[in-house]
Peer 1: 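Before anything else, here's the structure in question.
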Amino acid sequence: MLTRRLTDVAFFGAVIVILDDSLPPPYRDYIFFVPWLLARHMMDSLSLMLCRHSEACVGRPCATDDLRGLHLACGYSEAKSNVVRMLFGLQAVLAGYALWRAGVPGWVSLLALALLLGLYTHWFMWRHHALDTARQYT
């Protein structure tokens, strides 16, 4: 739990520094990659937050505590869950690198990251909800 909080603080700290845009060029390039490197860890926190506040979990404990648990609840095996999470982390780093090479401003990069995180997490939340609904009526 402490590790999750530390990575969340590092993620949001880097976001604030990128939006402030006051660092000199060599450090600005290093900070540009921090949110992209921590994207997978941020997804764990985001999926937990969404699960706790979704309609399905109101009044009862959440079945998942991270993205791996959400994958397992969606019917993925442990190995497939690890592969999906590693591929998303790799995809995030490559997307961050491509945006950096293209010279995209930091706020556009953060917007792209937010879109990527939101789409990925919501897709799994939707799938989990659909599976719960199907199990309820069978």
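Keep in mind that this is a model prediction, so the values were computed, not measured.
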Peer 1: Out of the candidates D21, V15, I16, V17, only one should pair with L19 under the side chain to side chain contact (heavy atoms under 4.5 Å, CB included) rule; please name it.
Peer 2: V15

Peer 1: Apply side-chain contact (heavy atoms from CB on, under 4.5 Å) to residues F11 and V34 and explain how you reach the verdict.
Peer 2: CA-CA 7 Å; F11 180 87; V34 171; over 6 Å; no

Peer 1: Could you grab the distance from atom CG of L94 to atom CZ of R101, nearest 0.5 Å is fine?
Peer 2: 13.0 Å

Peer 1: Would you say F88 and L116 make side-chain contact, with heavy atoms under 4.5 Å?
Peer 2: yes

Peer 1: Are L113 and L87 connected in a single hydrophobic cluster, I mean Ile/Leu/Val/Met/Phe/Trp/Tyr linked by side-chain heavy atoms less than 4.5 Å apart?
Peer 2: no

Peer 1: Test side-chain contact (heavy atoms from CB on, under 4.5 Å) on S109 and W100 and set out the steps.
Peer 2: CA-CA 8 Å; S109 169; W100 175 72; over 6 Å; no

Peer 1: Using 0.5 Å steps for rounding, measure from the CG atom of L37 to the OH atom of Y97.
Peer 2: 13.5 Å

Peer 1: With clusters defined by side-chain heavy atoms of hydrophobic residues (ILVMFWY) lying less than 4.5 Å apart, directly or transitively, does M86 cluster with L90?
Peer 2: no

Peer 1: Roughly how far, to the nearest 0.5 Å, is OH of Y120 from CD of Q91?
Peer 2: 8.5 Å

Peer 1: For the atom pair CG (L99) and CG (L110), what is the distance rounded to the nearest 0.5 Å?
Peer 2: 10.0 Å

Peer 1: Do you know which two heavy atoms are closest between F32 and W36, and how far apart they sit?
Peer 2: O-CD1, 3.4 Å

Peer 1: Quick one: closest heavy-atom pair of A14 and I31, and the distance?
Peer 2: O-CG2, 4.0 Å

